[in-house]
2 protein chains.
Amino acid sequence: MPDTHTTDALRTRFIEQTGLSLQAEGLPRIAGRVLGMLIFDGERVAFGDLATQLQVSRGSISSSIRLLEERGLVKRTTEPGVRQDFFQLADNPYATMLAGIQQRQRSRRDEIAKTINLLPEESDAIGRLRAHAQFYASIDAAMGVALAQLNASEETYVGQQPVKPGE
Amino acid sequence: MPDTHTTDALRTRFIEQTGLSLQAEGLPRIAGRVLGMLIFDGERVAFGDLATQLQVSRGSISSSIRLLEERGLVKRTTEPGVRQDFFQLADNPYATMLAGIQQRQRSRRDEIAKTINLLPEESDAIGRLRAHAQFYASIDAAMGVALAQLNASEETYVGQQPVKPGE
DNA sequence: AAGTCTGTTCAGTCCTAACTGAACAATTTT
DNA sequence: AAAATTGTTCAGTTAGGACTGAACAGACTT
């Protein structure tokens with residue numbers, strides 16, 4: 001097997017790709033890598049392991065985790081008698097992400113709508129701003145569709161569920 | 001009228017908001033402001049006016065315009081006997097934007113699918129990566145819906161539907 | 001031809017968010 | 001009690017993209 005196709009190499013690449021991809025969504029790269037690691041590994045991961053395996057400072061892990069928890073993508077668990085915190089994907093992180101995107105588009109649309117309402121009626125910018133708002137409204141609606149679609153396949157694909165064979 | 005509600009103040013605010021909003025989409029802020037100005041003003045705008053009104057260097061305008069042209073959001077026009085270039089919104093910039101978003105999600109999904117195919121069949125990461133890919137696939141599909149919706153409203157209303165803030 | 005006005009390029013600067021790591025409080029271990 | 005280990009905080013550094021502005025080539029004006 002070529003050493004770029006070992007599970008470990010694929011895992012590393014996936015984590016790195018996730019970091020870049022989530023960076024484009026406005027999260028720090030390390031937060032994306034944390035998420036990637038949690039997705040790939042599945043089982044809960046210790047705070048210390050995140051820092052050592054991703055080779056970043058504990059401070060970075062702490063702040064990344066905080067962001068991911070705030071967004072509802074990751075949950076923290078503890079265990080009596082064990083000092084480290086553990087982390088794993090939240091229950092349905094993808095629905096949460098979609099809802100977040102939807103919310104941002106909606107806010108932007110409302111912002112534009114507010115501008116439209118304050119403009120003098122005869123302003124010829126109004127038509128163009130309406131088209132602009134319509135753009136965000138259509139993304140908003142589309143996210144609703146995506147959410148529905150995602151929920152439909154939720155029984156098979158929830159964040160933390162064990163994987164069913166076959167499929 | 002409060003001076004934050006003059007057309008000019010609203011225009012400036014809109015341009016600035018558009019800059020921030022597009023920045024979140026991965027464009028430089030100035031490119032977003034250029035787009036905002038083109039949306040608001042409607043008629044074509046001269047290269048020099050972009051630089052002076054937005055108070056940025058010609059170099060910045062040049063590179064921002066290049067980005068916006070590459071994305072198919074803006075088109076350049078010239079006029080015989082006039083040395084300056086003029087710019088205006090491309091024909092259906094919003095559909096183009098949606099298609100761009102869709103394309104990015106699709107690429108990411110394909111990337112994940114490739115990883116899945118290279119993993120050993122018994123890897124228990126596969127289920128989770130499938131769920132992850134499904135997330136991007138659902139956005140892809142949703143963008144298709146949004147595109148259809150946008151095209152439909154374009155023919156019927158030509159950007160004339162009323163927009164209200166909130167729900 | 002000389003001068004003016006274009007838009008583009010690119011080396012350098014600036015900005016700012018990401019990241020580090022030391023200090024810290026809290027808890028557990030020895 | 002002392003030492004070790006945990007996660008958080010925050011002042012300082014780093015990295016990298018955004019932006020500037022001088023230099024430039026091309027086209028027009030005089």
Side-chain angles (χ1 to χ4, degrees), chain A residues 15-38 44-71 73-88 90 104, chain B residues 15-38 44-71 73-88 90 104:
Chain A
I15 290 174
E16 214 52 35
Q17 287 169 355
T18 308
L20 289 173
S21 175
L22 273 281
Q23 190 174 25
E25 304 294 326
L27 280 174
R29 185 180 301 191
I30 289 186
R33 288 200 276 235
V34 168
L35 200 64
M37 187 165 158
L38 294 180
R44 59 190 205 159
V45 179
F47 186 99
D49 291 343
L50 288 170
T52 52
Q53 289 198 37
L54 297 177
Q55 306 179 60
V56 297
S57 70
R58 286 182 301 149
S60 283
I61 297 297
S62 178
S63 68
S64 291
I65 286 288
R66 179 165 43 77
L67 285 174
L68 293 171
E69 281 182 315
E70 278 170 13
R71 297 208 182 196
L73 304 179
V74 159
K75 67 181 172 195
R76 180 186 310 242
T77 62
T78 56
E79 201 181 332
V82 176
R83 293 166 74 175
Q84 280 200 82
D85 293 358
F86 295 87
F87 303 94
Q88 55 189 50
R104 284 205 302 276
Chain B
I15 289 173
E16 213 52 34
Q17 286 170 353
T18 307
L20 288 174
S21 174
L22 273 280
Q23 189 175 25
E25 304 295 325
L27 280 173
R29 184 180 303 190
I30 289 185
R33 288 201 275 235
V34 167
L35 200 63
M37 188 163 158
L38 294 180
R44 61 190 203 159
V45 179
F47 186 99
D49 290 344
L50 286 172
T52 52
Q53 288 199 38
L54 297 177
Q55 306 179 59
V56 296
S57 70
R58 286 183 302 148
S60 282
I61 296 297
S62 177
S63 68
S64 291
I65 286 289
R66 178 164 44 76
L67 286 174
L68 294 171
E69 280 181 315
E70 278 170 13
R71 298 208 181 195
L73 304 179
V74 159
K75 67 181 174 195
R76 181 187 308 244
T77 62
T78 56
E79 201 181 332
V82 177
R83 292 166 74 175
Q84 279 199 82
D85 293 357
F86 295 87
F87 302 94
Q88 55 189 41
R104 283 205 303 276

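A, B, ... follow the sequence lines: proteins, then strands. Residue 1 opens every chain.
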Interatomic distance, [X] [atom1] vs [N] [atom2] [rounded to whole Å]:
X	N	atom1	atom2	value
B:Glu79	D:dA27	CD	P	19 Å
B:Leu50	C:dT8	CG	P	12 Å
A:Ile61	C:dT20	CD1	P	9 Å
B:Gln84	C:dC5	CD	P	11 Å
B:Leu20	C:dT16	CG	C1'	14 Å
B:Asp85	D:dA27	CG	P	13 Å

Between [options], which nucleotide has the shortest distance from any of its atoms to the side chain of [X]?
X	options	answer
A:Arg83	D:dT6, C:dG7, D:dT20	D:dT6
B:Arg66	C:dC19, C:dT9, C:dT6	C:dT9
B:Ile30	D:dG7, C:dT9, D:dC19	D:dC19
A:Pro28	C:dA18, D:dG21, C:dT9	C:dA18
A:Arg58	D:dA18, D:dT8, C:dG7	D:dT8
B:Ser62	C:dC19, C:dT9, D:dC19	C:dT9

Check this for me: B:Glu79, atom CD, are more than 12 non-hydrogen atoms of other residues, nucleotides or ligands nearer than 6.0 Å?
yes
State, yes or no, whether a side-chain contact exists between B:Glu16 and B:Arg33 at a heavy-atom distance under 4.5 Å.
yes
Any side-chain N or O of B:Arg76 below 4.0 angstrom from OP1/OP2 of C:dT8?
yes
Establish, with yes or no, whether the OP1 or OP2 oxygen of D:dT20 is under 4.0 angstrom from a side-chain nitrogen or oxygen of B:Ser57.
yes
Judged by each residue's nearest nucleotide on DNA chain D, which is more toward the 5′ side, A:Glu69 or A:Arg29?
A:Glu69
Does any N or O in the side chain of B:Thr52 come within less than 3.5 Å of the main-chain N or O of B:Gly48, such that one atom is a donor and the other an acceptor?
yes
Closest nucleotide of DNA chain C for B:Phe47 versus for A:Gln23: which of these residues is on the 5' side?
B:Phe47
Closest heavy-atom pair and its distance - A:Gly26, A:Arg71:
O-NH2, 4.1 Å
